[in-house]
Amino acid sequence: MTGLSTARLTIDLAALVANWRAMAALSSRAETSAVVKADAYGIGVGPAVKALADAGCRTFFVATHAEGAAVRGIAANAVIYVLDGLLPGTADAFARHDLRPVLGSPGEIAEWTAWRAAGGPTGSAVQIDTGMNRQGLSAEEAAALAADADALAALAPDLIMSHLACGDDPASPMTKRQLDTFVQLSALFPKVSRSLANSAGTMRGEAYQFDLTRPGIALYGARAANDHAALTPVATAEVPVLRVREASAGETVGYGATETLKRPSRLAVLGGGYADGYLRAAGSSDERPGASVFIRGKRAPLVGRVSMDLMVADVSDVPGVERGDAAQLFGPNVPVDDVADAAGTIGYELLTSLGKRYVRSYVGA
Ligand SMILES: *Cc1c(COP(=O)(O)O)cnc(C)c1O
């Protein structure tokens with residue numbers, strides 16, 4: 001048997017495409033875009049966009065215009081929206097790569113309109129704030145824009161959108177309130193396409209889907225909403241077992257000696273840590289259990305802290321573990337959300353933190 005010689009990250013592009021199709025099947029009337037900001041949630045924007053475009057995805061959302069330029073290099077004919085909108089003096093970059101800013105303030109709209117009047121040909125979206133107080137026009141600003149027929153004609157947005165704060169929580173009353181506000185404010189812009197739903201919003205049903213849905217996290221196989229299981233895992237992270245050691249009851253493991261062994265234990269020392277984007281908060285202590293890994297067909301709990309390049313798993317109940325074995329940190333046998341839950345965070349943070357040390361491979365293209 002040849003052992004694992006380095007940390008390995010495997011990205012399943014067939015799973016990504018299957019997840020996109022599953023989200024498309026949830027919304028029969030709306031177009032389904034793909035949100036590929038932050039390097040496609042860490043999995044690699046190049047292969048992700050190529051796979052999704054080949055599968056028929058025509059619209060992509062990114063955070064910055066630099067990310068948009070990267071997507072344009074792969075998807076020549078796609079519609080690309082930039083969620084951060086227009087920063088001062090960047091209109092040229094939008095034109096060069098045919099990117100559409102998501103405009104969310106009067107200042108952006110004024111600058112974009114002036115630039116368009118001077119011959120800039122590309123499209124745009126207008127974002128309306130419906131309760132997050134992050135990006136988007138306030139209700140007053142939206143009404144002022146809608147009331148100014150000349151300004152609106154000069155802007156000619158292609159999309160009116162907003163974003164849900166609590167779509168992941170089916171019990172939140174805020175989601176329906178945001179829907180009502182969006183219906184009311186978007187009606188000020190008749191005949192313009194509308195978009196409200198991220199992954200979780202799409203799962204709330206047809207009323208939330210409008211003309212275009214914007215799933216991100218669901219495509220990458222992590223949990224989007226508390227009442228919906230994650231779709232197919234896309235990223236699998238594995239690290240090698242560096243050595244196996246025996247330790248006695250009463251001994252401690254790792255920095256800070258946070259965990260004392262309660263029984264004679266067999267420990268597997270793993271070649272990965274927080275420098276690989278694994279979460280330090282997913283470690284274990286006497287007070288609180290941590291995440292587990294998957295070795296030789298079984299789950300094995302972490303013991304002690306996660307350090308920069310190392311972590312330790314208790315393999316007392318996993319027969320036959322040896323140096324060079326692969327320990328799965330997350331993937332088909334360890335949901336990325338289990339690790340995130342153990343660390344008190346969300347799958348988004350784990351995926352977008354993936355380190356540079358992994359040897360990456362893309363399968364299923
Ligand atoms: C990130 C983002 C999305 C995608 O959200 P998910 O929860 O990952 O599906 C959609 N819309 C906007 C405005 C976003 O910022």
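Only this structure's heavy atoms are used, side chains among them; waters, hydrogens and symmetry mates stay out. All ligand and atom numbering here is 1-based and tracks the order in the structure.
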Which one of Gln127, Arg214, Lys37, His163 has a non-hydrogen atom at the shortest distance from atom 15 (O) of ligand 1?
Lys37

Give the residue and atom name of whichever protein heavy atom lies nearest to [atom], and the separation in Å to one decimal.
| atom | result |
| --- | --- |
| atom 9 (O) of ligand 1 | Ser199 OG, 2.5 Å |
| atom 8 (O) of ligand 1 | Tyr41 OH, 2.5 Å |
| atom 7 (O) of ligand 1 | Tyr348 OH, 2.6 Å |
| atom 5 (O) of ligand 1 | Asn198 CB, 3.3 Å |

Keeping the roles fixed (side chain from Ser199, backbone from Ala218), state whether a donor-acceptor pair exists under 3.5 Å.
yes

First locate atom OG of Ser105, then atom CG of Leu137, and finally report the distance between them rounded to the nearest 0.5 Å.
7.5 Å

CG/Leu279 to OH/Tyr274 distance, rounded to the nearest 0.5 angstrom?
12.5 Å

Within reach of ligand 1, part of [X] (heavy-atom separation under 4.0 Å):
| X | answer |
| --- | --- |
| Val35 | side chain |
| Leu83 | side chain |
| Phe61 | neither |

Taking both backbone and side-chain atoms of Ile217, is any N or O found less than 3.5 Å from an N or O belonging to ligand 1?
yes

Decide whether Thr130 and Gln178 meet the rule of one side-chain donor and one side-chain acceptor closer than 3.5 Å.
yes

Could you check whether Arg305 and Thr258, counting side-chain N and O atoms only, form a donor-acceptor pair closer than 3.5 Å?
no

Would Arg266 and Ser316 count as a side-chain hydrogen bond (donor to acceptor under 3.5 Å, both in side chains) if you check the C-alpha gap in whole Å, the side-chain angles of each, and the deciding distance to 0.1 Å?
CA-CA 5 Å; Arg266 195 151 19 86; Ser316 305; over 6 Å; no

Residue-ligand contact Tyr220/ligand 1, heavy atom below 4.0 Å
no

Does Lys262 have more than 12 heavy atoms from other residues, nucleotides or ligands lying within 6.0 Å of its NZ?
yes

